[in-house]
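Everything on this sheet refers to the single structure shown next.
The structure presented is a predicted model; accordingly, all values stated were derived computationally and were not measured. Each chain gets a letter, A, B and so on, in the order its sequence line appears, and its residues count up from 1.
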There are 2 protein chains.
Amino acid sequence: MARHPIPDADTAAADLLAACGLLIRRLRAESNNLELTWSQSAILSRLALAGPTSIADLARAESVKPQSMGASLAMLESDGLVERTPHPSDGRQFLFSLTAVGTEAHRRVRRSKQGWLASAMSELSDDERDDLARAAKVIARLADGDTRAS
Amino acid sequence: MARHPIPDADTAAADLLAACGLLIRRLRAESNNLELTWSQSAILSRLALAGPTSIADLARAESVKPQSMGASLAMLESDGLVERTPHPSDGRQFLFSLTAVGTEAHRRVRRSKQGWLASAMSELSDDERDDLARAAKVIARLADGDTRAS
DNA sequence: TATTGTTATACTCTATAACTATA
DNA sequence: TATAGTTATAGAGTATAACAATA
């Protein structure tokens with residue numbers, strides 16, 4: 001029997017999904033008492049990376065419907081974490097960006113949230129950490145729907 | 001510059017979390033019209049793997065509170081996908097297991113859900129697929145809170 | 001026409017709190 | 001006392017449907 005056989009595509013997909021699902025739920029439980037939910041964190045992270053973005057673009061990027069993204073943004077806005085400005089040339093759109101408060105909250109939560117995982121990862125072997133780092137890039141590419149190039 | 005530098009633990013953790021979160025949301029959107037939700041699938045998968053399990057044990061395994069697991073199980077039970085039997089020796093517990101209908105539903109959904117990811121993964125290189133397969137094992141171990149052995 | 005955003009409604013998932021029954 | 005399960009309540013995330021405004 002081979003040391004590390006490459007499983008067939010279906011099994012590999014199932015394993016990956018189950019593992020990621022578990023990790024997400026585990027982390028959600030670990031960071032249950034933080035000031036931001038998982039989805040809110042994801043939105044702030046994206047705004048931090050991409051700068052001012054419309055509801056529709058955020059919804060597409062996070063794979064949710066515009067109405068759902070609108071609801072999440074409305075909450076973040078009422079909490080003063082994001083703000084909207086009218087789009088300069090398209091009268092329909094609003095561009096959302098982080099406020100100073102939002103930037104700080106994002107930084108704080110990011111630090112605590114990663115704490116648990118980073119600590120867990122610190123007990124892995126170098127090879128395993130390296131695996132994870134490379135896998136993260138591949139997973140992100142898969143999730144973006146772009147499987148064609150590296 | 002090294003070919004594949006090992007990022008520091010915090011960055012690696014952040015990348016992995018963001019990637020897994022995106023993948024989960026993407027897959028949830030792709031499989032939105034299926035007969036089971038993500039959480040329901042996870043529960044059925046676990047029952048299929050582990051056999052009859054109590055609410056408390058399921059809750060621990062999936063990192064949710066017993067009340068939340070109880071609510072999810074009540075829905076699955078009323079849909080006829082799982083059934084409960086009293087624990088043979090502990091009068092407090094119930095053991096939940098898949099019904100025939102539940103087993104079939106799980107199989108159907110599993111096939112469709114994995115379809116999208118398996119198809120996306122089929123466009124990866126062999127090395128990348130191998131990375132993902134190994135990473136899935138490591139991630140599952142991290143999520144289980146057991147980082148000590150393989 | 002197509003896209004952007006909004007409002008209204010409903011369902012699922014999850015949490016906390018308070019309770020009963022059993023170990 | 002501690003654990004298992006239940007009931008009640010609430011909030012967040014998501015979806016669909018119907019609508020108005022703009023491109």
For [X], side chain to side chain donor-acceptor pair (under 3.5 Å) partners two or more places apart:
{"X": "A/Arg25", "answer": "B/Glu62"}
{"X": "B/Arg92", "answer": "B/Asp90"}
{"X": "A/Ser63", "answer": "none"}

*Nucleotide range of DNA chain D contacted by chain A, 5' to 3', under 4.0 Å to a heavy atom?*
D/dA12 to D/dA23

_Treating primed atoms plus P, OP1 and OP2 as sugar-phosphate and everything else as base, which nucleotides of nucleotides 13-20 of chain C get B, S or - for protein heavy atoms under 4.0 Å?_
SBBBBB--

_Keeping A/Ser31 on the side-chain end and A/Leu34 on the backbone end, is there a donor-acceptor pair under 3.5 Å?_
no

*Between C/dG5 atom C1' and A/His87 atom NE2, what is the distance in whole Å?*
14 Å

*asked:* Is the positively charged end of B/Arg84 above the ring of B/Phe94, judged by distance under 6.0 angstrom from the centroid and angle within 45° of the axis?
replied: yes

*Assign A/Gly91 to base, sugar-phosphate, or nothing according to its heavy-atom contacts below 4.0 angstrom with the strands shown.*
sugar-phosphate

*asked:* For A/Arg60 and B/Arg92, find the nucleotide of DNA chain C closest to each by heavy atoms; which residue's nucleotide sits nearer the 5' end?
replied: A/Arg60

*Does the side chain of B/Ser72 reach to within under 4.5 Å of the side chain of B/Gln40, using non-hydrogen atoms?*
no

*Flag the pair B/Asp144 and B/Arg141 as a salt bridge only when some basic side-chain nitrogen lies within less than 4.0 angstrom of an acidic carboxylate oxygen.*
no

*Does A/Thr53 have any side chain to side chain contact (heavy atoms under 4.5 Å, CB included) partners at least two apart in sequence or in another chain, and if so, which?*
A/Leu47, A/Ala50, A/Asp57, A/Leu58

